[in-house]
Trainee: 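Sharing a structure here in structure tokens format.
From a predicted model like this one, the values you see are computed outputs, not experimental measurements. Order of the sequence lines sets the chain letters (A, B, ...), proteins ahead of strands, with each chain counted from 1.
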Protein chains: 2
Amino acid sequence: MPATLRDVAERAAVSVRTVSNVVSGYEHVSKRMRAKVLAAIEELDYRANPVARTLRTGRTGLLGLVVPEITVPYFSELARDVIDAAAEYGYRVMIDQTGHDHDRERQLLMGDDRTMLFDGMLFSPLVTKAELLDMHGSTKMPLVLLGEHEFDGRYDHVAIDNVAAAMDAVAHLAEIGRERIAAIGSQPQEEYSTPLQRFAGYTKALDTAGLVTHPEFAITAEHYSREAGYEATRALLALSPLPDAIFCFSDLLAIGAMRAVFDAGLDVPGDIAVIGIDDVDEGRFARPSLSTVSLDTPFIAREAVRRIATRIDEPETPAEEVIAPHRLVARESTVANHP
Amino acid sequence: MPATLRDVAERAAVSVRTVSNVVSGYEHVSKRMRAKVLAAIEELDYRANPVARTLRTGRTGLLGLVVPEITVPYFSELARDVIDAAAEYGYRVMIDQTGHDHDRERQLLMGDDRTMLFDGMLFSPLVTKAELLDMHGSTKMPLVLLGEHEFDGRYDHVAIDNVAAAMDAVAHLAEIGRERIAAIGSQPQEEYSTPLQRFAGYTKALDTAGLVTHPEFAITAEHYSREAGYEATRALLALSPLPDAIFCFSDLLAIGAMRAVFDAGLDVPGDIAVIGIDDVDEGRFARPSLSTVSLDTPFIAREAVRRIATRIDEPETPAEEVIAPHRLVARESTVANHP
DNA sequence: TTGTAAGCGTTATCAC
DNA sequence: GTGATAACGCTTACAA
């Protein structure tokens, strides 16, 4: 049995109030008392019970981070940054995987009893529809949306300018002289905003560059996985004429795409240039190294935690949208022998 | 303000006891009562407060998973499997990153007030020394060790046969005719058991194959990262004669190693074969695809959760060691044009 | 089968 | 500055 506040109080011959004061760093405690209490704590190896504290204060000190899959490098890197940022505000992070499961997302959003553990939630859905957000309404759980959706003013939102990011990627492909630019990553059922926005950026950039849009060059991908990128690219490689560049809506798709190009006996970027979005570590060591649009995940994490922390303290703060910076990173998969 | 059990009881005109019975699925509740309670719950949008429940029952339903870095694919894949396995036992998982920080590992192990949230801990340290474990003694926190350390009988332990895994990898290199086999991944200060065991397997396999041991072919790596693999390989490439194969103690090291070989204008596996350990997704899509020793992380996760769950329920269960299976996976990085 | 009440370990409100 | 004591919301003897 772990020692309780009571045990310590008894041992030190003081009241629980005084012990609590010492433990929680209350200012006005006499030196003598503090010393006695500290000694008793030491002797009994006392550790405060965070659950009891939570029940009393109403704060768990826990943030929920909801992502589709923790094994997707973008999300594990985001998780790392969120964990680090949260620690600075005294919060710990629980990671929930939805596994692309709508019901799971809905449950979490609507606040089942598990959700009640969190002081606030950071929600980074791959595939959440706007309607889902309506369901969150009844809950009072502070919520920050990550990298998704158009801002509708109801929730804090740390976003990426997906249209601009996609445009930068495609503009880069056009600049290096590519004319038949394919795109991988639209969703089979066109409902989610990230792929929609990235697709919009794609067509817009083609327009700007004065390039023709080939509808057959737009390939869908259900998940943003290496496998999906591979399969989508195989479909592209069956076309004639072939594309001379592929814009993938994520780095993982691009990794799979490159592999498919090589397996077909073609070269990247010689025959087909490939670019992704995310800038995950894996891309830097790929062969060829992967050109991409770098998203500033430390920034996203920092802003998200800052927003959720203030919202927890002041629930009436008006919702805000923060746009995270992005920048093109040209590597070997678009520029051969790039330094 | 969220509704409480009391509110529901009042609304349904029954006692809290009855409401609690309904909520916790107690058998003996009359149909009428149950219906009334359920209606009230619905109307008030009641959700049980897990914190209060926890304070009463002494169970948080939380497992702590301690890993060095969640962004290392092996650990994110392990985390995914642990989260899934834990869900089947009704547990949720909090991930703690130690970031290779000894103090952090010690704190977690000794049980600061944060640790007390967990019903049990799954500890997968990259770099924990045996002495650290002694410090855990005073805590009563159930603990399962993952993939590390020699079994000392004090703690449950889901391990890998590191010696055998390393031997399999090196034996494979010998079988394909390599004779100057280097190894990357010993720790600068030789204290941790995983690298020691893998190194032991390396030398043992060289012996078995009748190959000479070149001391300069054993390169240390502080972290098991792509960067460390790259740097270590650059050191190898400065030697003469060059090695004709590299055994890396992790897939990430191997990814970095392959890149370094290519940057030096050499070929994998033509000039130098490369093999890793872990079998992370990234390796399958690398170019060439990475030969490796596959560790059965779903098995590890399942066993670990099973052990911790029984230990939580029956603290006096004797500690057990489970060895997870591994198997060699030969891909293109050792066998060119492998199917 | 259901109601009453005690208590989990902490913090916070009141006195003194 | 410190000591009693009442919550926080739930589960569970013990009674009825």
Side-chain angles (χ1 to χ4, degrees), chain A residues 1-38 40-41 44-62 90 111-119 140, chain B residues 1-38 40-41 44-62 90 111-119 140:
Chain A
M1 269 307 173
T4 75
L5 213 50
R6 262 191 137 79
D7 300 331
V8 177
E10 211 162 302
R11 176 81 172 205
V14 299
S15 77
V16 288
R17 166 70 208 254
T18 303
V19 179
S20 177
N21 281 345
V22 170
V23 169
S24 51
Y26 187 61
E27 305 271 307
H28 308 287
V29 185
S30 68
K31 261 192 145 164
R32 265 184 52 99
M33 284 288 184
R34 181 180 301 274
K36 273 207 294 190
V37 170
L38 254 22
I41 288 177
L44 297 175
D45 192 26
Y46 167 77
R47 281 166 255 246
N49 180 332
V51 176
R53 174 174 293 159
T54 289
L55 180 60
R56 185 60 239 218
T57 61
R59 295 274 184 95
T60 62
L62 253 38
D112 55 356
D113 57 340
R114 310 152 69 85
T115 314
M116 283 190 67
L117 259 186
F118 307 139
D119 291 338
K140 304 268 286 180
Chain B
M1 271 309 171
T4 76
L5 212 51
R6 264 193 137 78
D7 300 332
V8 177
E10 210 161 304
R11 176 82 172 203
V14 299
S15 77
V16 288
R17 168 69 208 252
T18 304
V19 179
S20 177
N21 281 344
V22 171
V23 170
S24 50
Y26 187 60
E27 304 271 308
H28 308 287
V29 185
S30 69
K31 261 193 146 168
R32 265 183 54 96
M33 283 288 185
R34 181 181 301 274
K36 272 208 295 188
V37 170
L38 253 22
I41 286 177
L44 296 176
D45 193 26
Y46 167 77
R47 283 166 255 248
N49 180 333
V51 176
R53 174 175 293 158
T54 288
L55 182 59
R56 184 61 234 227
T57 60
R59 295 274 183 97
T60 62
L62 253 36
D112 55 357
D113 58 339
R114 310 152 68 85
T115 314
M116 285 191 62
L117 259 186
F118 307 138
D119 291 339
K140 304 268 285 181

Trainee: Taking side chain to side chain contact (heavy atoms under 4.5 Å, CB included) as the test, write out the residues that go with A/Thr115, two or more places apart.
Mentor: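 Checked A/Thr115 against side chain to side chain contact (heavy atoms under 4.5 Å, CB included); matches are A/Leu108, A/Asp112, A/Phe118, A/Met121, A/Met141.
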
Trainee: Residues two or more places apart in sequence or in another chain: which of them pass side chain to side chain contact (heavy atoms under 4.5 Å, CB included) with B/Leu38?
Mentor: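 Side chain to side chain contact (heavy atoms under 4.5 Å, CB included) check on B/Leu38 returns B/Val22, B/Arg34, B/Ile41.
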
Trainee: More 5' along DNA chain C: A/Pro50 or B/Val19, using each one's nearest nucleotide?
Mentor: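 Nearer the 5' end of the strand: B/Val19.
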
Trainee: Just jot down the side chain to side chain contact (heavy atoms under 4.5 Å, CB included) partners of B/Asp119, sequence neighbours excluded, or say none.
Mentor: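 B/Arg59, B/Thr60, B/Tyr91, B/Ile312.
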
Trainee: When you compare the protein's N or O atoms with those of nucleotides 12-14 of chain D, which come within less than 3.5 Å of each other, and at what distance?
Mentor:
| residue | atom | partner | partner atom | Å |
| --- | --- | --- | --- | --- |
| D/dA13 | N6 | B/Arg17 | NH1 | 3.2 |
| D/dC14 | N4 | B/Arg17 | NH1 | 3.4 |

Trainee: List in chain and number order the residues that pass salt bridge (charged side-chain N to carboxylate O under 4.0 Å, His left out) with B/Arg47, two or more places apart in sequence or in another chain; answer none if no residue qualifies.
Mentor: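 Only B/Asp45 meet the salt bridge (charged side-chain N to carboxylate O under 4.0 Å, His left out) criterion with B/Arg47.
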
Trainee: How bent is the helix from C/dT1-D/dA16 to C/dC16-D/dG1, measuring the angle between the end axes built from five pairs each, rounded to 10°?
Mentor: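 Axis angle across the helix from C/dT1-D/dA16 to C/dC16-D/dG1, nearest 10°: 40°.
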
Trainee: Which residues in residues 5-13 of chain A have at least one heavy atom lying under 4.0 Å from any atom of DNA chain C?
Mentor: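 A/Leu5 - these, ordered by number, are the residues of the stretch whose heavy atoms sit under 4.0 Å from the strand.
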
Trainee: With B/Ser20, which residues qualify under side-chain hydrogen bond (donor to acceptor under 3.5 Å, both in side chains), at least two apart?
Mentor: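 Not a single residue meets the side-chain hydrogen bond (donor to acceptor under 3.5 Å, both in side chains) criterion with B/Ser20.
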
Trainee: Looking at residues at least two apart in the chain, or sitting in another chain, which of them share a side chain to side chain contact (heavy atoms under 4.5 Å, CB included) with A/Arg53?
Mentor: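 Testing A/Arg53 for side chain to side chain contact (heavy atoms under 4.5 Å, CB included), a comparison that skips the adjacent residues, returns A/Val23, A/Ala48, A/Thr57, B/Asp113.
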
Trainee: First and last nucleotide of DNA chain C in contact with chain B, 5' to 3', at under 4.0 Å to a heavy atom: what are they?
Mentor: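 Nucleotide range in contact with chain B: C/dT1 to C/dG9.
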
Trainee: Taking side-chain hydrogen bond (donor to acceptor under 3.5 Å, both in side chains) as the definition, give me every residue that meets it alongside A/Asn49, ordered by chain and number, with sequence neighbours left out.
Mentor: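 By the side-chain hydrogen bond (donor to acceptor under 3.5 Å, both in side chains) rule, A/Asn49 matches no residue at all.
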
